[in-house]
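What you are looking at is a predicted structure, and each value in this text was computed from that prediction instead of being measured.
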Amino acid sequence: MNILNTCFLEHFANLKDPRIERSKEHLLKDIIAIAILAVLSGADGWVAIEAYGNAKYEWLKSFLELPNGIPSHDTFSRVFSRIEPQQFQECFLSWVNAIVGELELNVIAIDGKTMKQSYDRNDQQKALHIVTAWSSSHQLVLGQKKVDKKSNELTAIPALIEMLEIAGSVITIDARLLSKRPNISDCQEKRRLCFSFKR
């Protein structure tokens, strides 16, 4: 767990803790680490994250401080609801890029998906559409980018690539974009990427 102890702490060190001092029963780094490890292990909600923490307590205790045990699902929910999303994303991507730099990534698939049940008819809110970068060899999501309401995948893909450190990789995208290739020239020049179009 050396990567988690050193690299993780380094990249999340500047994440602002939204809690007031007297309410801090658990360390922010412990909360973030448990949540990320739980999600990587398949947890799909705050209760599942707490359950993961309790099940893996002895192992987690070997590299986390956990001064008051495993946080409750309410604590996970409250803390994450108050963390600045953009700041968390920057810390998380910085950490992922550091790990990616240690891996040999050959093929990265980029694809867009509309999230089910993400629309709201009452508020006239359209469904959430996200572009995802996926490492086929490591079965790992490297990053995601929300497609803006007045935009599309063609603009989101270059923005997603700019977020990642994936020099030398082969990137595949959907064939339906073949006639409307995204503006990837700058990305390709900077990172020496090779693009392939999935059919």
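Gln87 contributes a side-chain N or O that, together with a main-chain N or O of Lys16, makes up a donor-acceptor pair within less than 3.5 Å. Looking only at distances, no side-chain donor or acceptor of Arg78 sits under 3.5 Å from a matching main-chain atom of Arg19.
Side-chain contact between Leu28 and Ile83: present, with at least one pair of heavy atoms (C-beta onward) separated by less than 4.5 Å. Contact annotation: the side chain of Phe12 approaches that of Ile36 to within less than 4.5 Å [non-hydrogen atoms, C-beta and beyond]. Within the 4.5 Å cutoff, the side chain of Asp30 has heavy atoms near those of the Pro67 side chain. Within the 4.5 Å cutoff, the side chain of Thr132 has no heavy atoms near those of the Asp111 side chain. A 4.5 Å side-chain heavy-atom check between Ile34 and Leu66 finds at least one atom pair inside the cut-off. A 4.5 Å side-chain heavy-atom check between Asp148 and Thr155 finds every atom pair outside the cut-off.
Summarising the geometry, atom CG belonging to Leu64 is positioned 7.5 Å from atom CG belonging to Leu37; distances are rounded to the nearest 0.5 Å. Interatomic distance, Ile171 CD1 to Leu164 CG, rounded to the nearest 0.5 Å: 8.0 Å. In this structure, OG1 in Thr172 is found 9.0 Å from CD1 in Ile108, a value given to the nearest 0.5 Å. Atom CD of Gln144 is separated from atom CG of Leu160 by 8.5 Å, given to the nearest 0.5 angstrom. With rounding to the nearest 0.5 Å, the separation of SG in Cys91 from CD in Glu10 is 11.0 Å. Here NZ of Lys145 is found 9.5 Å from CG of Leu93. Values are rounded to the nearest 0.5 Å.
For residues 80-95, no residue pair satisfies the salt bridge (Lys or Arg N to Asp or Glu O under 4.0 Å) rule, not counting sequence neighbours. For the side chain to side chain donor-acceptor pair (under 3.5 Å) condition, the pairs that include at least one residue of residues 45-54, sequence neighbours left out, are Glu50-His73.
Using a 4.5 Å cut-off between side-chain heavy atoms of Ile, Leu, Val, Met, Phe, Trp and Tyr, with links allowed through other members, Phe88 and Val141 fall into different hydrophobic clusters. Residue Val39 is grouped with residue Val79 when hydrophobic side chains (ILVMFWY) are merged at heavy-atom distances under 4.5 angstrom, including chains of intermediate members. Residues Phe92 and Leu27 do not share a hydrophobic cluster, defined by chaining ILVMFWY side chains whose heavy atoms lie under 4.5 Å apart.
When all heavy atoms are compared, the tightest approach of Phe76 to Ile31 is CE2-O, 3.4 Å. The nearest pair of heavy atoms linking Ala156 to Val147 is CB-CG2, 3.9 Å.
Applying the 6.0 Å contact sphere to NZ of Lys24 captures more than 12 heavy atoms from other residues, nucleotides or ligands. The number of heavy-atom neighbours closer than 6.0 Å to NZ of Lys56, taken from other residues, nucleotides and ligands shown, is 12 or below.
Relative orientation of the Trp59 and Phe63 rings is perpendicular, given thresholds of 30° and 60° on the angle between their planes.
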- Apply side-chain contact (heavy atoms from CB on, under 4.5 Å) to the pair Ile70 and Leu60, showing each step before the final yes or no. CA-CA 9 Å; Ile70 300 298; Leu60 293 169; 4.1 Å; yes

